[in-house]
Amino acid sequence: MADSTQRFDFVIAANRLPVDRVVDADGNVEWHRSPGGLVTAMESVMSERDGVWVGWAGEAGEAPAPFDEGGMRLHPVPLSEEEVAGYYEGFSNDTLWPIYHDVIVPAQFHRKWWQLYREVNERFAQALADVAAEGATVWVHDYQLQLVPALLRQLRSDVRIGWFDHIPFPPVELFGQLPWRAAILEGLLGADFLGFQRPGDAENFLRACRRHLGMTVKGDVVHVGKTTGGHDVRAASVPISVDFSSMDELARRPEVRRRAKEIRASLGDPSVLLLGIDRLDYTKGIRHRLKAYEELLRDGHLDGSDTTFVQIATPSRERIDAYIDLREHVESAVGRINGEYSDIGSPAMEYLHQSHPREELAALYLAADIMLVTPLRDGMNLVAKEYVSCRHDNGGALVLSEFTGAAEELKEAYLVNPHDTVGLKRTIMDAIGASPAERSRRMKALRRRVRRNDVQHWAASFLEQLEAAPGRPARHTRP
Ligand code: ADP
Ligand code: G6P
């Protein structure tokens, strides 16, 4: 067991630890990699730094004692059954998640969920105050922990606090629907520096401070009045990325290349292999891409016996109604498409509702002719950048929704509006029909961008801006 009195100069907090505790039917404890882009990115960042990761271990009940895993110190925070339902599934993922993603499904508002959200944020702030060394850098992540910056500042005025928003920050009109909008903004303004995916997200936040708190905003700095702490907070975009070199290296391994060939062979060596890899989330536009694919088959533009669409969907938030509905819809569409258009040994669709090791994902990326990334709204979308990182052969084509953060950088992708079914179908066909030279020209340009702006560059840039933030706390001695 790890020394629980140890203090750290670098502390990160995220709702989830990078591993989930899973107890099997025989009572054996296993640790599984947690889902999502936040974990992918921060695992790479933490592997090169000394520090502690404070977060939830993924099951309700008592928290395990702090432990070391993959060269990281992990400090679990407990959540009760009621808190998992109210703070995590409820307020975080059934109130904030829809509001921050253009209300693709309606947001639910419950005062009890808000109370639990506050209580869990208080627990995280206390855990951070306990593990941070004098003058430490504390980096808080994402929408689940928006009250933590101000709560931590009250407990520890000596630490530097940064917060990064992995998802979009909504326009004022949507954010303004939240009955607790002022408290959320005040929570965030406890930080010294706030990072967002796109410039538009930072602008939305700054506008919300002006509109809902009446604060003075000059450029990208909010001046927090004396009554609420009297310091300046900068908000700017710092787009997240992937570990380009490790994905590139993984995809070059002989066993991964072999596996890519094997995947194609096992699908009957189709002429065209399309791929989607997502958490099973309504923000990802999986229904929209299935509709476009089904119409392309129906209209005879694609031949189901010679085309396969592989959709890998990681199970996600499985007790929330909107996710249950999505799964039913997707699974019925997959069944219909296969029933109608497959041949024995040549499936029109392959659908896996499972998580896979990184090696298998790299092989899939390498095997796919067309990568379909069609979210209706997405903070960044790391899958798009992983695909590009794996294509050392400069092959393949990326079809990418305009409504992802990634589209701001990856201009050489085949950009689409997923709501425009005609446009989506046309773009998929353009990508399929592009010459090898055209695909290679685009892929080379995409790879240059992701190589230059990789996840280490992102972390260094965030931490530099946090260090240079105007609202540096006075260096007090810890009580
Ligand atoms: P989000 O954070 O919303 O899930 P991202 O595209 O930004 O979306 O990040 C998803 C991350 O999860 C990527 O690193 C991707 O490789 C990983 N991932 C997605 N699907 C799977 C899967 N089936 N098995 C393992 N990892 C997955
Ligand atoms: C997105 C969010 C993360 C979250 C992940 C997985 O990446 O930005 O904060 O951890 O999805 O979702 P989950 O609800 O399983 O943690």
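The analysis underlying the following values was restricted to heavy atoms, covering all of them including side chains, and did not include hydrogens, waters or symmetry mates. Counting convention: from 1, in listed order, for ligands and their atoms alike.
Ligand-side atoms of ligand 1 in range of Thr40: 11 (C), 13 (C), 14 (O), range being under 4.0 angstrom from any heavy atom. Residue Arg358 has at least one heavy-atom neighbour below 4.0 Å for each of these atoms of ligand 1: 14 (O), 16 (O). Within ligand 1, the atoms closer than 4.0 Å to a non-hydrogen atom of Val383 are 6 (O), 15 (C), numbered from 1 in the order shown. Against a heavy-atom cut-off of under 4.0 Å, Ser355 is close to the following atoms of ligand 1: 22 (C), 23 (N), 24 (N). Heavy-atom contacts of His166 reach the following atoms of ligand 2: 8 (O) (cutoff under 4.0 Å). For ligand 2, the atoms closer than 4.0 angstrom to any heavy atom of Pro35 are 6 (C), 15 (O). Here is the list of ligand 2 atoms found below 4.0 Å of a heavy atom in Ile167: 8 (O). Against a heavy-atom cut-off of under 4.0 Å, Leu38 is close to the following atoms of ligand 2: 7 (O), 9 (O). Against a heavy-atom cut-off of under 4.0 Å, Gln144 is close to the following atoms of ligand 2: 9 (O).
In this structure, His141 has no heavy atom closer than 4.0 Å to ligand 2. In this structure, His166 falls outside the shell of residues with a heavy atom less than 4.0 angstrom from ligand 1.
Geometrically, ligand 2 and Asp142 share a nitrogen or oxygen pair separated by less than 3.5 Å. Between Thr314 and ligand 1, at least one N/O pair is under 3.5 Å apart. Checked by distance only, ligand 2 and Tyr88 come closer than 3.5 Å through their nitrogen or oxygen atoms. Residue contacts with ligand 1: His356 is placed with a nitrogen or oxygen under 3.5 Å of a nitrogen or oxygen of the ligand (distance criterion only). Among the atoms of Leu382, some N or O lies under 3.5 angstrom from an N or O of ligand 1. Residue-to-ligand polar distances keep Ile312 apart from ligand 1: every N/O pair is separated by 3.5 Å or more. By the 3.5 Å distance cut-off applied to N or O atoms, Ile277 is not counted among the residues near ligand 1.
Looking at atom 7 (O) of ligand 2, its nearest protein heavy atom turns out to be Gly37 N, 3.5 Å. Atom 1 (C) of ligand 2 has Arg279 NH2, 4.0 Å as its closest protein atom, hydrogens excluded (heavy atom only). Nearest non-hydrogen protein atom to atom 23 (N) of ligand 1 is Gln354 O, 2.9 Å. The protein heavy-atom contact nearest to atom 14 (O) of ligand 1 is Glu386 OE2, 2.5 Å.
Scanning Arg279, Met380, Lys284 for the heavy atom closest to atom 8 (O) of ligand 1 points to Lys284. Nearest residue to atom 26 (N) of ligand 1 from Asp378, Leu361, Thr404 is Leu361 (criterion: closest heavy atom). Closest heavy-atom approach to atom 11 (O) of ligand 2 within the set Arg16, Met380, Arg317: this belongs to Arg317. Closest heavy-atom approach to atom 10 (C) of ligand 1 within the set Gly37, Ser34, Ser316, Ala362: this belongs to Gly37.
Between Trp56 and Tyr88, the ring-plane angle classifies as tilted under the 30° and 60° cut-offs. Between Phe205 and Phe169, the two ring planes are perpendicular [angle over 60°; tilted spans 30° to 60°]. Using bins of under 30°, 30° to 60° and over 60° for the plane-to-plane angle, the ring pair Trp458/Phe164 lands in the perpendicular bin. Using cut-offs of 30° and 60° on the angle between ring planes, the pair His141 and His166 is tilted.
Taking every heavy atom of both residues into account, Thr137 and Leu466 meet most closely at CG2-CD2, 3.6 Å. Of all non-hydrogen atoms in Trp114 and Ile184, the two that sit nearest each other are CZ3-CG1, 4.1 Å.
Expressed to the nearest 0.5 Å, how far OG1 of Thr427 lies from CD1 of Ile370 amounts to 11.0 Å.
A heavy-atom distance below 4.5 Å is found between the side chains of Leu366 and Arg391. In this structure, the side chains of Gln311 and Asp278 come closer than 4.5 Å at one or more pairs of heavy atoms. Put simply, the side chain of Leu274 reaches to within 4.5 Å of the side chain of Ile428, judged on heavy atoms.
Tyr323 and Trp97 have their aromatic ring centers separated by at least 6.0 angstrom. Aromatic pair Phe462/Phe193: ring centres closer than 6.0 Å. For Trp31 and Phe67, the distance between ring centers is under 6.0 angstrom.
A cation-pi arrangement, defined by a distance under 6.0 Å to the six-membered ring centre and an angle within 45 degrees of its axis, is absent between Arg118 and Trp180.
No part of Leu352 comes within 4.0 Å of ligand 1, judged by heavy-atom distances.
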Go through the steps to decide whether Lys112 and Glu82 satisfy the test salt bridge (charged side-chain N to carboxylate O under 4.0 Å, His left out), and finish with yes or no.
CA-CA 10 Å; Lys112 180 69 188 166; Glu82 188 189 24; 3.7 Å; yes
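No more than 12 heavy atoms of other residues, nucleotides or ligands lie within 6.0 Å of CG in Asp50, so this atom counts as exposed by the packing criterion.
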